[in-house]
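Step one of this worksheet: look at the structure below.
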Amino acid sequence: MTSPTAFAADVLAGLSRELKALPCKYLYDEEGSRLFGDIMDLPEYYLTRSEVEILREKGGEIAEIIGPEQANIIEFGAGDGRKTKVLIAHLLDVPADFTYFPIDICGNAVEKLASGLEEEFGHVRVVGIVSEYLNGLEKISRPDSGRNVVLFLGSSIGNFSPREIVTFLSNLHQRLCDGDLLLTGFDLRKDIDVLVRAYNDRAGVTQEFNFNMLRRINRELGGTFDTRKFRYYSIWDAAEGAVRSFLVSLCAQRVDIEALKMSFDFDAWEPIHTESSYKFSERQVFALAETTGFESAGAFFDSRGYFMDSLWRVKKT
Ligand code: TRP
């Protein structure tokens, strides 16, 4: 779980930078996870619908590759599990012999997911873990025979910078064994208007989702952010290949944060970077597997070619 002190330290580091920034993982407290649930339902936010389509249509194929032998199905950033449920239904058809370990930094989300799965599937073994991704993995022991299958669905991998992605996947590779599997969601490069609309919804839910991070600082760290003095702004950075999101200060202002015993000055129109969401080409995805020690075991797309779930196998030599 994120301790208040870790949160405070990250806020301090982020707001002390030349280009102010707040780490996007702090978007997902209870309120933020609920708002992200609303984002996934937005007409503009094609990502979740595309991936659900992939898992519905191609999940049978994926489940066959996972196979009937004992497996830990370990999910990073499980959230409300709406995508995973579709895959679990296919796994039960095999039938696969698995325990499902959802890992999420939001304790409330993990609890709800575990009880929801029991209700829906009854006999599925679920062990929820409230943690950050790799720390959570450490807490899970391997099945006596069989393998670990890691799910990293959604576009969370795209929230890492290209350098962080390579570090993360290399660290993950190190903690896995030969033959283990990794299924990762990659949002693909596509028409710029489609991309930009997904992060600028008409109903303003994405803005509220970002504002919630400021409100969270107010709630948990005694901050004095007034969200009316900020606007959410998001662009496609073609050179970076990322949608970059900001909260922009509408006026010169000072914000106090009690837990840090500090104040932060904002110029008019000064941005706080809240998230980059990298979009990938197929070629980049295959190159990433190669660089980090995996081999491709399958690539699955939705009918519009908007999104890709890429299945990798751990290679150890
Ligand atoms: N990480 C998700 C994504 O890249 C969540 C998200 C959607 C998001 N819209 C956002 C994060 C706007 C920050 C700002 O799609």
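All values below come from the heavy atoms of this structure, side chains included, with hydrogens, waters and symmetry mates left out.
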Residues at least two apart in sequence or cross-chain that pass side-chain hydrogen bond (donor to acceptor under 3.5 Å, both in side chains) with His273, listed by chain then number, are Ser276

Which atom of Tyr133 lies closest to which atom of Phe160, heavy atoms considered:
CE1-CZ, 4.2 Å

May I have the step-by-step check of ring pair (Phe, Tyr, Trp, His ring centres under 6.0 Å) for Tyr28 and Phe36, ending in yes or no?
CA-CA 8 Å; Tyr28 303 91; Phe36 185 60; 5.7 Å; yes

Hey, is the main chain of Phe294 close enough, under 3.5 Å, to the side chain of His173 for a donor-acceptor pair?
no

In short, Phe266 meets Ser249 closest at the heavy-atom pair CB-OG, 3.7 Å

As a quick check of understanding, evaluate ring pair (Phe, Tyr, Trp, His ring centres under 6.0 Å) for Phe225 and Phe230, giving each step before the final call.
CA-CA 9 Å; Phe225 278 107; Phe230 287 87; 5.7 Å; yes

Here the pair of heavy atoms bringing Ala96 nearest to Gly67 is CB-O, 3.6 Å

Minimal heavy-atom distance between Pro102 and Leu113, with the atoms involved, is CB-CD2, 3.7 Å

Got a sec, which hydrophobics cluster with Val94, joining ILVMFWY side chains under 4.5 Å apart, including via others?
none

Tell me whether the rings of Phe152 and Phe168 are parallel (<30°), tilted (30 to 60°) or perpendicular (>60°).
tilted

Could you tell me whether Arg216 and Glu31 have a side-chain N and a carboxylate O separated by less than 4.0 Å?
no

Any salt bridge linking Arg34 with Asp38? Criterion: basic side-chain nitrogen under 4.0 Å from a carboxylate oxygen.
yes

Does any N or O in the side chain of Glu119 come within less than 3.5 Å of the main-chain N or O of Gly116, such that one atom is a donor and the other an acceptor?
no

In this structure, which one of Val314, Thr292, Asn148, Leu169 forms a side-chain contact (heavy atoms from CB on, under 4.5 Å) with Leu182?
Leu169

For the residue pair Ile103 and Gly136, what are the closest heavy atoms and their distance?
CD1-C, 3.7 Å

Flag this pair as yes if the NZ/CZ of Lys190 is under 6.0 angstrom from the six-membered ring centre of Tyr306 and inside a 45 degree cone about the axis; otherwise no.
yes

Between Thr99 and Asn72, do the side chains contain a donor N or O and an acceptor N or O under 3.5 Å apart?
no

With sequence neighbours excluded, what pairs up with Arg304 under the salt bridge (Lys or Arg N to Asp or Glu O under 4.0 Å) test?
none

